[in-house]
Student: 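Please see the structure below; I have some questions.
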Amino acid sequence: MNILEQVQEKLKDEIKAAVLEAGLATADQLPDVILEVPKEKAHGDYSTNMAMQLARVAKKAPRAIAEDIVKNFDSSKASIEKIEIAGPGFINFYMNNSYLTDLIPAILKAGDSYGETNTGNNEKVQVEFVSANPTGDLHLGHARGAAVGDSLCNIMAKAGYDVSREYYINDAGNQINNLALSVEARYFQALGLEKDMPEDGYHGEDIIGIGKKLAEEYGDKYVTVEESDRFEFFREYGLKYEMEKLKRDLEDFRVSFDVWYSETSLYQNGKIDTALAKLRENGHIYEKDGATWFKSTELGDDKDRVLIKQDGSYTYLTPDIAYHKDKLERGFEKLINIWGADHHGYIPRMKAAIEALGYERDALEVEIIQLVHLYKNGEKMKMSKRTGKAVTMRDLVEEVGLDATRYFFAMRSADTHLDFDLDLAVSQSNENPVYYSQYAHARISSILRQGEEQNLSFDENVDVSLIGAEKEIEVLKKLGEFPLSISEAAVKRMPHRITNYIYELASSFHSFYNAEKVLDLENIERTKARLALIKAVQVTLKNALSLIGVSAPEKM
RNA sequence: GCGCCUUUAGCUCAGCUGGAUAGAGCAACGGCCUUCUAAGCCGUGUGUCAGAGGUUCGAAUCCUCUAAGGCGCGCCA
């Protein structure tokens, strides 16, 4: 438990004690104490609505109840400076500053681990994200999914979940056949030969590149090779090429996975058959029109779904069910899938499948990433994977920069449509929020460097009681919120809470910076205390930025 | 037609388990660099929280309905 949590727990205990002491309620009538940080500074450091909550039980006016609570409150026990009753019956607590200044040595001691909590209780969670087909370049939607997914994993890991990151490789089925045929066509074209692209072919630049590469490497060797061998070669080659590119692109985007899970492996090791057998055993399967169906309507879906087509092949759903069964068998208590908005209709059938397999349907949680629209020169750019004219993730990062891209995607709630303003993200101006946060870090680094040059150092035992100016207190309060922000972002699966936090912390620092001077040879002790304070800010900022995959530069 | 998402300041968006006078940034205007990075700070003003009901001490927040926009509703993946 971190310092602020301890302070709050202590305060809650004392409030309960006061309520009981005043005879306002019995121990089992006592509601949970709700403490909040008032928006208005004038309303104190913490406030509780206990008096209003007790109005019904105690059959008294909230303000009268509040007075009874205050009268029976032992303020010597919880670093309380002052208590006031306000508004309809809020009790506002004003704390003395020691509870905040204690944060400084605590943060310095914790270092990289500051912000860690045990909110997740070591729950085994698997997060599957991106999982784009290896048939073309990653585009904007994937980039948003990658940024949100990776940030969420970082945040949940920091909040004490046991997180595993996984990518499901769709290396089986039709789309891979189309990939092979597309590669083949581009290969022929690179040799100057006529060859039409398949009807559902992939028209991306990258496939044209594969064709050229093959032509250079092998000349016309594969023109004459027997068709089935040729197909197999192009399939293998195309897949390998695409996967390597995918991994490289994601790695460059600061996103890595613990497991790359192959769809084909499900075919090979019989897991699809096992899953189908399980569904059949549980009575969720029937035959109709020469196909095998999943009776998903009984489990909340709006249509039954085909699992085995008339031609004997599986639909996309079938191996995916086997995959999710496998995930659960690997012992994950919670599966979080991050999907694009165009797949949201898929949720009910997947949850139905999980239930049909005998698991809790809520073991699966799906986070939907809404669409990204790119704006340039005030104009909306249309993207389409089919025509190959989509803006790729790589293009975007090259144009905007990695930090700004990651920040922009992490910045917005994932379930809202995102208007990505290219001109804004590119601009190296104060309109760009990523620089604002990084700038705070760079500023601190600069001050610390100069402090060292002047032989001004600090240690964990610095006298923090010299900290107390208004701006310093505001910074400290923000620093103390960090662990709480992390647990909330983790529990609610909302990475953008962290960018909000980063911005607020940077803002409180900038404000402090302009109001107070850190390096002051006339006042060495206070200088040391402030150096320790800004060092704590630097540590916290860096930790927070790393959660969303953004660098913390020492200089800008 | 059915399902999901969205609707908050001129624009882009926050808004916590329901709490006190709904907040930031951008844009506009005015200040602050002989002093630790001006990619910064300080100040000025801005709201039918899409609309209508309901729940209660109290609703932007929870429930119902309506409207607008987006996405989905394949033996595609």
Side-chain angles (χ1 to χ4, degrees), chain A residues 32 34 36-40 42-43 47 49 52-53 55-56 61-62 86-90 92 133 135 170 172-176 178 200 288-293 301-303 305-317 320 340-348 366 368 370-371 373 375 411-419 421 424 427-440 442-451 454 484-485 488-489 491-492 494 496-497 499-500 503-504 506-507 509-520 527 530-531 534 555-556:
Chain A
D32 278 344
I34 297 173
E36 57 177 21
V37 177
K39 275 180 265 183
E40 289 289 325
H43 295 142
S47 126
N49 59 355
M52 279 109 100
Q53 286 190 297
R56 213 171 298 164
F90 289 102
N92 297 333
N133 290 343
T135 54
N170 298 120
N174 269 336
Q175 77 277 10
I176 293 300
N178 280 326
D200 295 316
K288 195 181 91 181
D289 302 335
T292 301
W293 294 72
D301 197 2
D302 48 7
K303 280 175 194 163
R305 306 293 168 180
V306 172
L307 294 175
I308 306 176
K309 300 183 230 171
Q310 279 178 344
D311 68 4
S313 66
Y314 299 127
T315 59
Y316 178 81
L317 179 63
D320 210 12
D342 53 344
H343 286 76
H344 74 258
Y346 196 77
I347 299 173
V366 181
I368 289 300
Q370 289 295 332
L371 296 186
H373 291 130
Y375 284 78
M411 180 167 69
R412 300 283 180 235
S413 168
D415 58 7
T416 64
H417 310 268
L418 177 65
D419 291 336
D421 185 339
L424 174 67
S427 75
Q428 300 227 341
S429 75
N430 54 358
E431 294 170 29
N432 201 333
V434 63
Y435 293 111
Y436 183 86
S437 320
Q438 292 183 314
Y439 186 51
R443 261 184 162 171
I444 293 168
S445 305
S446 170
I447 298 170
L448 291 172
R449 273 195 303 272
Q450 289 174 62
Q454 295 171 36
L484 184 67
S485 287
E488 281 189 358
V491 169
K492 293 174 187 294
M494 289 181 155
H496 75 279
R497 284 284 171 85
T499 55
N500 289 348
Y503 194 89
E504 288 164 12
S507 174
F509 168 74
H510 284 309
S511 182
F512 157 77
Y513 174 90
N514 277 273
E516 311 285 351
K517 196 148 163 60
V518 175
L519 298 174
D520 180 6
T527 296
R530 284 187 171 165
L531 281 169
I534 67 169
K555 280 181 186 170
M556 281 173 78

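Below, chain A is the first sequence line, B the second, and so on; all start at residue 1. All values below were derived from every heavy atom in this structure, side-chain atoms included, with hydrogens, water molecules and symmetry-related copies excluded.
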Student: Using a 4.0 Å heavy-atom cut-off across all strands, classify A:Gln454 as base, sugar-phosphate, or nothing.
Tutor: nothing
Student: Under a 3.5 Å limit for both distances, which nucleotide forms a Watson-Crick or G-U wobble pair with B:G3, could you say?
Tutor: B:C71
Student: When the distance from CD1 of A:Ile447 to P of B:U37 is rounded to whole Å, what number comes out?
Tutor: 7 Å
Student: Could you tell me whether A:Ala440 contacts a base, only the sugar-phosphate backbone, or nothing, with contacts defined as non-hydrogen atoms closer than 4.0 Å?
Tutor: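 Since no nucleic acid heavy atom lies under 4.0 Å of A:Ala440, the category is nothing.
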Student: Which whole number of Å gives the distance between the C1' atom of B:G72 and that of B:G54?
Tutor: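 Approximately 31 Å lies between the C1' atom of B:G72 and that of B:G54.
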Student: Tell me whether the side-chain N or O atoms of A:Asn92 pair up with the base of B:A20 as donor and acceptor below 3.5 Å, since no angle test is needed here.
Tutor: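 Donor-acceptor pair under 3.5 Å: yes.
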Student: Using the C1' atom as the point on both nucleotides, what is the distance between B:A14 and B:A52, in whole Å?
Tutor: 27 Å
Student: What interatomic distance, in whole Å, is found between C1' of B:G43 and the corresponding atom of B:G58?
Tutor: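 34 Å, rounded to whole Å.
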Student: Round to the nearest Å and state the distance from A:Leu531 atom CG to B:C36 atom C1'.
Tutor: 10 Å
Student: Can you tell if the side chain of A:Phe512 reaches within under 4.5 Å of the side chain of A:Ile534, non-hydrogen atoms only?
Tutor: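 A:Phe512 vs A:Ile534: side chains touch.
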Student: Report yes or no: is the ring centroid of A:Tyr436 under 5.5 Å from the six-membered base ring centroid of B:A39, with the two planes under 30 degrees?
Tutor: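 Taking the rule of under 5.5 Å and under 30°, the ring of A:Tyr436 does not stack on B:A39.
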Student: Classify every nucleotide of nucleotides 72-77 of chain B by which part a protein heavy atom approaches to under 4.0 Å, writing B for the base, S for the sugar-phosphate alone and - for neither, in 5'-to-3' order.
Tutor: SSSBSB
Student: Using the C1' atoms only, state how far B:C16 lies from B:A38, rounded to an integer number of Å.
Tutor: 34 Å
Student: Across all strands shown, which nucleotide pairs with B:C33 by Watson-Crick or G-U wobble geometry, both distances under 3.5 Å?
Tutor: none
Student: Please state whether the phosphate of B:A39, meaning OP1 or OP2, lies under 4.0 angstrom from any side-chain nitrogen or oxygen of A:Tyr439.
Tutor: yes
Student: Determine the interatomic distance between P on B:U44 and the same-named atom on B:G25; round to the nearest Å.
Tutor: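 Between the two P atoms, the distance is 12 Å.
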Student: In whole Å, what is the span from the CD1 atom of A:Ile34 to the P atom of B:A20?
Tutor: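 That distance rounds to 14 Å.
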Student: Give a yes/no verdict on a cation-pi contact between A:Arg443 and A:Phe509, requiring under 6.0 Å between NZ or CZ and the six-membered ring centre and an angle within 45° of the axis.
Tutor: no
Student: So which nucleotide from B:A20, B:C57, B:U37 ends up closest to the side chain of A:Pro38?
Tutor: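 The nucleotide sitting nearest to the side chain is B:A20.
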Student: Indicate yes or no: does A:Asp415 engage A:Arg412 in a salt bridge with an N to O separation below 4.0 Å.
Tutor: no
Student: Partner of B:C49 by Watson-Crick or G-U wobble geometry, both contacts under 3.5 Å, or none?
Tutor: none
Student: Would you indicate what A:Ala86 reaches in the nucleic acid, counting non-hydrogen atoms under 4.0 angstrom: base, sugar-phosphate, or nothing?
Tutor: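 If one applies the 4.0 Å heavy-atom cut-off, A:Ala86 turns out to touch a base.
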Student: How many Å lie between CZ on A:Arg443 and C1' on B:U37, as a whole number?
Tutor: 6 Å
Student: Got a list of protein N/O to nucleotides 13-15 of chain B N/O distances below 3.5 Å?
Tutor:
residue	atom	partner	partner atom	Å
B:C13	OP1	A:His417	O	3.4
B:C13	O2'	A:Arg412	NH1	2.6
B:A14	OP1	A:Ser413	N	3.1
B:A14	O2'	A:Asn500	ND2	2.8
B:G15	OP1	A:His496	NE2	3.2
B:G15	OP1	A:Arg497	NE	3.2

Student: Using a 4.0 Å heavy-atom cut-off across all strands, classify A:His43 as base, sugar-phosphate, or nothing.
Tutor: base
Student: Looking across every strand, which nucleic acid part, if any, lies under 4.0 Å from A:Ile368 by heavy atom: base, sugar-phosphate, or nothing?
Tutor: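 No contact.
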Student: How far, in whole Å, is B:A60 from B:G15 if one measures between their C1' atoms?
Tutor: 8 Å
Student: Look at the side-chain N and O atoms of A:Ser47 and state whether any lies under 4.0 Å from the OP1 or OP2 oxygen of B:A20.
Tutor: no
Student: Over all strands shown, is A:Ser511 touching base, sugar-phosphate only, or nothing at heavy-atom distances under 4.0 angstrom?
Tutor: sugar-phosphate
Student: How long is the line joining OH of A:Tyr435 and P of B:A38, in whole Å?
Tutor: 18 Å
Student: With both distances under 3.5 angstrom, what nucleotide forms a Watson-Crick or G-U wobble pair with B:C26?
Tutor: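 Matched B:C26 with B:G10 under the 3.5 Å cut-off.
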Student: What interatomic distance, in whole Å, is found between P of B:C73 and the corresponding atom of B:U61?
Tutor: 32 Å
Student: Once you round it to whole Å, what is the distance between P of B:C4 and CG of A:Asp415?
Tutor: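 Rounded to the whole Å, the gap is 14 Å.
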Student: Could you tell me whether the side chain of A:His510 and the main chain of A:Ser507 form a donor-acceptor pair under 3.5 Å?
Tutor: no
Student: Between B:A22 and B:G31, how far apart are the two C1' atoms, rounded to whole Å?
Tutor: 28 Å
Student: For nucleotides 29-32 of chain B, print each protein N/O atom paired with a nucleotide N/O atom at under 3.5 Å, atom names and distance only.
Tutor:
none

